[in-house]
Amino acid sequence: MLAGDLNAYPESNVIKQLDQHFTRSCQQCGFTIPATKPNRTIDYIAYLKGSALKVLSHEVIVEPKTSDHAPILTVFKY
């Protein structure tokens with residue numbers, strides 16, 4: 001599993017390379033920065049392709065007091 005600030009937009013080459021080996025927990029991911037009024041996505045949660053994990057839910061939590069990024073909450077089933 002990989003999670004964090006990748007400093008890359010969904011259409012970037014970095015994310016295209018990530019998608020070759022990992023499955024992101026969302027495809028139309030919510031905006032994660034800036035935390036006060038998010039308008040871009042650069043934070044992701046991903047897991048290895050072929051994994052038995054299934055995404056039950058994925059949510060961006062707009063909460064500007066803890067970080068300059070909005071946290072992501074993903075619930076998986078194994």
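Note: hydrogens, waters and symmetry copies are ignored here, and every other heavy atom, side chains too, is used. Just so we're clear, the structure is a prediction, and the values are computed from it rather than from any experiment.
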Check: If we only count heavy atoms from C-beta on, is the Y44 to I15 side-chain gap below 4.5 Å?
Finding: yes

Item checked: Nearest atoms (heavy-atom pairs only) where V62 meets A35 -> CG1-O, 3.6 Å

Check: Is there side-chain contact between R40 and T32, with at least one heavy-atom pair below 4.5 Å?
Finding: no

Notebook entry, point to check: Partners of D19 by salt bridge (charged side-chain N to carboxylate O under 4.0 Å, His left out), sequence neighbours excluded?
Noted result: R24

Margin query: Counting C-beta onward and ignoring hydrogens, is there a side-chain heavy-atom pair between L6 and D43 closer than 4.5 Å?
Written below: no

Check: With distance as the sole test, does E63 use its side chain to make a donor-acceptor pair with the main-chain N or O of T66 at under 3.5 Å?
Finding: yes

Next item on the list: Spell out, as yes or no, whether a donor-acceptor pair under 3.5 Å connects the side chain of S25 to the backbone of I45.
Entry: yes

Notebook entry, point to check: For Q27, does the CD atom sit with more than 12 other heavy atoms under 6.0 Å from it, leaving out its own atoms?
Noted result: yes

Margin query: Looking at K49, I want to see if its NZ is surrounded by more than 12 non-hydrogen atoms of other residues, nucleotides or ligands under 6.0 Å.
Written below: yes

Note to self: Could you go through V55 and T74, starting from their C-alpha distance and side-chain angles, then the distance that decides it, and tell me whether this counts as side chain to side chain contact (heavy atoms under 4.5 Å, CB included)?
What the structure shows: CA-CA 7 Å; V55 175; T74 300; 4.0 Å; yes

Margin query: Please enumerate all residues that pass side chain to side chain contact (heavy atoms under 4.5 Å, CB included) together with S67, with sequence neighbours excluded.
Written below: H69

Notebook entry, point to check: Are Y47 and F76 close enough, and set up right, to give a ring pair (Phe, Tyr, Trp, His ring centres under 6.0 Å), and what steps lead you there?
Noted result: CA-CA 10 Å; Y47 54 97; F76 292 95; 5.5 Å; yes

Next item on the list: Side-chain contact test, heavy atoms from C-beta onward, threshold under 4.5 Å: evaluate it for T41 versus C29 and give yes or no.
Entry: yes

Note to self: Within the 4.5 Å heavy-atom criterion, are T23 and S51 side-chain neighbours or not?
What the structure shows: no

Next item on the list: Decide yes or no for D68 and I33: does some side-chain heavy atom of the first lie under 4.5 Å from some side-chain heavy atom of the second?
Entry: no

Next item on the list: Group every Ile, Leu, Val, Met, Phe, Trp and Tyr by side-chain heavy-atom contacts under 4.5 Å, then state whether L53 and V75 land in the same group.
Entry: no

Item checked: Taking every non-hydrogen atom, the tightest pair across I61 and A70 -> O-CB, 3.4 Å

Checklist line | Check against side chain to side chain contact (heavy atoms under 4.5 Å, CB included), H58 and I72 | finding: CA-CA 7 Å; H58 175 94; I72 301 170; 3.2 Å; yes

Checklist line | Co-membership, hydrophobic cluster, residues V60 and L73, 4.5 Å side-chain | finding: no

Notebook entry, point to check: Would M1 end up clustered with Y78 when hydrophobic side chains under 4.5 Å apart are linked, directly or stepwise?
Noted result: yes

Check: Does Y9 reach the side chain of I42, with side-chain heavy atoms less than 4.5 Å apart?
Finding: yes

Item checked: Heavy-atom closest pair, residues K16 and E11 -> CE-O, 3.4 Å

